[in-house]
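Okay, so here's the structure we're looking at.
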Amino acid sequence: MAGSGFGLGYAAATPAAIKWFPAEKKGMITGIVVSGFGLAPVYIAPLAKHLLGAYGVNGAFRILGVAFTVVTLLLARMITNPPVAVAATATAGSVPAPAPSSSVWREMVTSRAFYLLYIEYTFAALAGLMIIGHLAKIIAVQSGGLVQTGFMFVASMAVFNAGGRLLAGLLSDKFGRIRTLAVVLLSQACVMLVFPGLNGMAGFFIGSGVVGFSYGACLALFPATVADFWGSKNFGLNYGILFTAWGVGGMFGPLLAGRIADASGSYQLAYYIAAALLVGAAALTTITRRPVLREG
């Protein structure tokens, strides 16, 4: 139920937002919207810790549940689609104008671009969540217990995560979605290769920051790319289908890292596997092209 709620919220807020803006602003708008997800741990972590100490697990869940329900329902009433579709006024050097607004999910899933994006998204999510899902354990193992994770690590990764979403969206408006995605994937692959050598506070801070930044960037780039490739009218369902790739990566990434760590006592092999997947995803971006769809 929690996962379904997360997916529904993610797929509901972004489509309405991007419909209010022309094509050359979609990356920025997507980045702004999804950066809210990335920043949530900054206030949720200390709030949840306080509630757990004061009211226990059950009480904390009830308070958070009621608060989220009230706030979400009030804000959801303000989310509306524009009365008239915003004209695409792409300027020279910006990303291409969106595909025909009638591009439905059946057309999307029959295109090669969809499957390439799906693989890229799965690999990116898998690599990012391998680190994020095991960050506390990774730091404890590699530092010999000398470095402790706490609120500052959670908050800093959340800030990097949100910053990646916002900055990647802005850069993709200027340089293109796929080109920006390739740079993000390769930068994260490089960090994976140096992660086995990290053992101090500064190293973990920088390494986890880059991973959080890259992971967040992907969560802004993929929805904006879907809007570019298949239009805004059916974006909610179209991106919802592609977003299942994130679920696949989230299911297997932490599990794979945990199995490797249990078997070998180290995360080193997991890092190298993640780096290889990220390089493979970056290579796929070189053949990822906007599909040619029928008009109407």
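No hydrogens, no waters, no symmetry mates; every other heavy atom, side chains included, goes into these values.
- For the pair V33 and A13, the tightest heavy-atom approach, listed with the atom from each and the gap, is CG1-CB, 4.2 Å.
- Looking at heavy atoms from C-beta onward, F229 lies out of side-chain contact with M108 at the 4.5 angstrom threshold.
- The minimum heavy-atom distance linking P223 with C218 is given by the pair CD-O, 4.1 Å.
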Output side-chain donor-acceptor pairs under 3.5 Å for residues 189-196, partner residues at least two apart or in another chain, one line each.
none

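- Expressed to the nearest 0.5 Å, how far CZ of R179 lies from CG of L171 amounts to 12.0 Å.
- Distance alone, capped at 3.5 Å, places no donor-acceptor pair between the Q188 side chain and the L185 backbone.
- Taken together through direct or relayed side-chain contacts under 4.5 Å among Ile, Leu, Val, Met, Phe, Trp and Tyr, F123 and Y115 form part of one hydrophobic cluster.
- Contact record, P15 with G236: CG-CA, 3.6 Å, taken as the closest heavy-atom pair.
- The line from OG of S156 to CG of N161 is 11.0 Å long, rounded to the nearest 0.5 Å.
- Hydrophobic clustering, with ILVMFWY side chains joined whenever heavy atoms are under 4.5 angstrom apart, groups I287 together with V184.
- For the atom pair CG (L117) and CZ (R112), the distance works out to 11.0 Å, reported to the nearest 0.5 Å.
- Listed for the T110 side chain is a donor-acceptor partner under 3.5 Å among the backbone atoms of E107.
- How far OG of S35 is from CG of L167: 11.5 Å, rounded to the nearest 0.5 Å.
- In this structure the side chain of I138 reaches within 4.5 angstrom of the side chain of Y271, judged on heavy atoms.
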Donor-acceptor contacts, no H, no angles, side chain residues 238-257, under 3.5 Å, sequence neighbours left out:
from: N238; atom 1: OD1; to: W105; atom 2: N; distance (Å): 3.3
from: N238; atom 1: ND2; to: S103; atom 2: O; distance (Å): 3.3
from: N238; atom 1: ND2; to: N234; atom 2: O; distance (Å): 3.3
from: Y239; atom 1: OH; to: Y121; atom 2: OH; distance (Å): 2.7
from: T244; atom 1: OG1; to: Y118; atom 2: OH; distance (Å): 2.8
from: T244; atom 1: OG1; to: I241; atom 2: O; distance (Å): 2.6
from: W246; atom 1: NE1; to: Y215; atom 2: OH; distance (Å): 2.6

Problem - From CA spacing to verdict: side-chain contact (heavy atoms from CB on, under 4.5 Å), W230, F114 - result: CA-CA 10 Å; W230 294 284; F114 170 76; 4.1 Å; yes
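- For S208, the side-chain contact (heavy atoms from CB on, under 4.5 Å) partners at least two apart in sequence or on another chain are L135, F153, M157.
- Residues passing the side-chain contact (heavy atoms from CB on, under 4.5 Å) test with I18 are T14, K26, I29, T30, A227, S232, F235, sequence neighbours excluded.
- Judged as a ring-ring contact (aromatic ring centres under 6.0 Å, His included), and not counting sequence neighbours, F213 has no contacts.
- Closest heavy-atom contact between S266 and S264: O-OG, 2.9 Å.
- G27 and S172 make their closest contact through CA-OG, 3.9 Å (heavy atoms, listed as atom of the first residue, atom of the second, distance).
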Exercise for the section: Give the C-alpha distance, both sets of side-chain angles, the deciding distance and a yes or no for side-chain contact (heavy atoms from CB on, under 4.5 Å) between E24 and D173. Expected result: CA-CA 6 Å; E24 67 268 24; D173 284 338; 5.7 Å; no
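- Taken to the nearest 0.5 Å, the CD atom of Q142 stands 4.5 Å off from the CZ atom of F204.
- In the hydrophobic clustering of ILVMFWY residues, with side-chain heavy atoms under 4.5 Å counting as a link, M130 and V279 come out apart.
- Side chain of T286 to backbone of A282: no donor-acceptor contact under 3.5 angstrom is found.
- Rounding to the nearest 0.5 angstrom, the gap separating the CZ atom in F222 from the CD atom in E120 is 5.5 Å.
- At a threshold of 4.5 Å between side-chain heavy atoms, the hydrophobic network of Ile, Leu, Val, Met, Phe, Trp and Tyr places I139 and L269 in one connected group.
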Donor-acceptor list for residues 48-67 side chains, cut-off 3.5 Å, not counting sequence neighbours:
none

Exercise for the section: Start with the C-alpha distance between L181 and R177, add both sets of side-chain angles, then the distance that settles side-chain contact (heavy atoms from CB on, under 4.5 Å), and finish with yes or no. Expected result: CA-CA 6 Å; L181 177 61; R177 316 285 184 225; over 6 Å; no
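- Tracing side-chain contacts under 4.5 Å through hydrophobic residues (I, L, V, M, F, W, Y), one never reaches L277 starting from L186; they form parts of separate clusters.
- Closest heavy-atom contact between A162 and L39: CB-CG, 3.4 Å.
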